[in-house]
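Below: one structure, written as structure tokens.
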Amino acid sequence: MDSPSSFQVSTETETFLCEQLLDEKQPISERFRALFSLRNLRGAAPRDALIKATRDASNLLAHEAAFALGQMQDVDAIPALESILNDFSLHPIVRHEAAEALGAIGLESNIPLLKNSLAVDPAQEVRETCELALSRIEELKNSSVSESSPFLSVDPAAPTACSSLRELREVLLSEDKSMYERYGALFALRNLGEEEAVSVIVESLGANSALLRHEVAYVLGQLQNKKASDALSQVLRDVHEHPMVRHEAAEALGSIADDQRIALLEEFAKDPEPIVSQSCEVALSMLEFERTGKSFEFLFMQKPQVEQTSY
């Protein structure tokens, strides 16, 4: 499936990016640079490299590769995503992203795969992701649902429409609502973007579900609002928190960092949990590129040119 955000590169560049992604001798930050570049490409080579990366020794890289396949919405990745979802030897964070990717691709043929994992997967965060993905596919049957996001992401749930901030808060913080409803409220609040909405999103970091907490941290990173820095710092410091939540907190802090948060990321780049330490390493590398005015993605990618008529 082509995307308006896709880029074109030479065969040599494509080969370089694939090799860079899969080279375990490269620093994790350099491999992420290649991954972020490849997810903007289309075709067999980028897809196959990302599929191979989902089996990487780094759970952080593997889960990000699965996420990228979902964002690309490439139907040819479905068999590989099914294999990941059914492999209980893989870290739950990787299986979770495979389930989310199947929901992002959105085909009704993915429903049996997701229903099976919803019934048998031992990890709650994976089961909850399957629930989300199934709800998303069901809602996509309604032609009135828009997939567009102001943040250029394929979200796991459509933002709730026509609700006040008070009503959105009530849904997001309610442990009795379905995960899809709470995600919908979260994305609606994100799209509002105002200070009060950010406060509500920060409040939801206290939710019971680790899956929801990790998405909240991800959204706060998208918003890049410094008002969330203290709460995200607390999440990163909490060694009892789920690694997937701490990982998202680290990346969010990298997107809104000041000197104090940079010092915190440097401290936790030595965390014993690789998902957390590598997230801090990647966040610090992204910050360094941003400070020097450079792109974290490789710059030799070009948008396809629209043919123009000469006059």
Side-chain angles (χ1 to χ4, degrees), residues 17-39 46 49-72 77 80-81 84-85 87-101 104 123 125-126 129 153 156 210-211 213-222 232 235-255 257 261-262 264-289 296-297:
L17 291 171
C18 293
E19 291 176 348
Q20 189 85 343
L21 170 65
L22 299 174
D23 186 355
E24 295 185 7
K25 295 179 182 178
Q26 291 291 327
I28 193 68
S29 58
E30 287 299 301
R31 299 180 73 191
F32 262 74
R33 289 188 71 201
L35 193 158
F36 287 174
S37 301
L38 283 167
R39 72 183 181 189
L50 287 164
I51 287 172
K52 288 178 183 177
T54 62
R55 300 287 178 159
D56 197 83
S58 165
N59 290 319
L60 183 72
L61 186 80
H63 109 289
E64 194 70 31
F67 174 76
L69 290 168
Q71 294 295 297
M72 293 161 73
L81 293 168
I84 296 163
L85 186 57
D87 188 347
F88 294 165
S89 72
L90 297 176
H91 196 287
I93 197 175
V94 184
R95 302 203 308 277
H96 139 72
E97 287 296 357
E100 185 173 306
E125 57 270 36
V126 179
T129 307
S153 54
L211 182 73
R213 295 197 302 274
H214 112 287
E215 196 71 23
V216 168
Y218 172 76
V219 162
L220 290 171
Q222 286 185 311
L232 289 166
V235 171
L236 179 56
R237 289 190 180 100
D238 185 358
V239 296
H240 301 295
E241 177 59 276
H242 196 298
M244 72 190 296
V245 186
R246 297 179 69 209
H247 132 70
E248 291 292 359
E251 293 194 358
L253 285 168
S255 71
R261 313 307 166 180
I262 292 171
L264 185 66
L265 289 170
E266 289 171 343
E267 176 186 348
F268 282 93
K270 304 177 182 68
D271 195 273
E273 169 52 66
I275 291 173
V276 176
S277 60
Q278 291 177 358
S279 294
C280 293
E281 186 179 337
V282 171
L284 288 165
S285 179
M286 293 178 73
L287 273 169
E288 186 60 30
F289 273 88
F296 187 68
E297 296 175 358

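Only this structure's heavy atoms are used, side chains among them; waters, hydrogens and symmetry mates stay out. Every value quoted in this text rests on a predicted model; they were computed, and no experiment measured them.
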* Structure fact -> Applying side chain to side chain donor-acceptor pair (under 3.5 Å) to Q71 and not counting sequence neighbours gives none
So [Y] and [X], do their side chains get closer than 4.5 Å, heavy atoms only?
X: L38; Y: C18; answer: yes
X: L264; Y: R237; answer: yes
X: E125; Y: M244; answer: yes
X: Q222; Y: S153; answer: yes
X: L253; Y: I262; answer: no
X: S285; Y: F296; answer: yes
X: Q20; Y: Q26; answer: yes
X: C280; Y: E266; answer: no

Side chain to side chain contact (heavy atoms under 4.5 Å, CB included) with [X]: which residues, sequence neighbours excluded?
X: L22; result: A49, K52, A53
X: S58; result: I28, D56, L60, L61, Q278
X: E19; result: T15

* To do: Output, in order, the C-alpha distance, side-chain angles, deciding distance and verdict of side-chain contact (heavy atoms from CB on, under 4.5 Å) for I84 and I51.
  => CA-CA 10 Å; I84 296 163; I51 287 172; over 6 Å; no
Nearest non-hydrogen partners of [X] and [Y], listed with the distance:
X: T54; Y: A62; answer: O-CB, 3.3 Å
X: A34; Y: L21; answer: CB-N, 3.8 Å
X: G254; Y: L287; answer: O-CD2, 3.1 Å
X: L265; Y: A283; answer: CD1-CB, 4.2 Å

Can you sort out the partners of [X] under ring pair (Phe, Tyr, Trp, His ring centres under 6.0 Å), two or more places apart, ordered by chain and number?
X: F32; value: F36
X: F88; value: none
X: Y218; value: none

Measure the spacing between [atom1] of [X] and [atom2] of [Y] and express it to the nearest 0.5 Å.
X: L50; Y: F67; atom1: CG; atom2: CZ; answer: 12.0 Å
X: L17; Y: R31; atom1: CG; atom2: CZ; answer: 13.5 Å
X: L236; Y: E251; atom1: CG; atom2: CD; answer: 11.0 Å

* Excluding sequence neighbours, so at least two apart, what forms salt bridge (Lys or Arg N to Asp or Glu O under 4.0 Å) with E241? ->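 Partners of E241 under the salt bridge (Lys or Arg N to Asp or Glu O under 4.0 Å) test: R213.
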* To do: List in chain and number order the residues that pass salt bridge (Lys or Arg N to Asp or Glu O under 4.0 Å) with E267, two or more places apart in sequence or in another chain; answer none if no residue qualifies.
  => none
* Asked: Which one of H63, E64, H242 satisfies the side chain to side chain donor-acceptor pair (under 3.5 Å) criterion with H247?
  ->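 With H247 as partner, H63, E64, H242 yield a single side chain to side chain donor-acceptor pair (under 3.5 Å), made by H63.
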* Output every pair passing salt bridge (charged side-chain N to carboxylate O under 4.0 Å, His left out) with a member in residues 269-279, not counting sequence neighbours, ordered by first then second residue. =>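 Salt bridge (charged side-chain N to carboxylate O under 4.0 Å, His left out) check on residues 269-279 returns R246-D271.
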Show every donor-acceptor pair shorter than 3.5 Å between a side-chain atom in residues 89-98 and any protein atom, with sequence neighbours excluded, or say none if there are none.
| residue | atom | partner | partner atom | Å |
| --- | --- | --- | --- | --- |
| S89 | OG | D87 | OD1 | 2.5 |
| S89 | OG | D87 | OD2 | 3.4 |
| H91 | ND1 | I93 | N | 3.0 |
| R95 | NE | D121 | OD2 | 2.9 |
| R95 | NH1 | L90 | O | 2.6 |
| R95 | NH2 | D121 | OD1 | 2.7 |
| R95 | NH2 | D121 | OD2 | 3.4 |
| H96 | ND1 | T129 | OG1 | 2.8 |
| H96 | NE2 | H214 | NE2 | 3.4 |

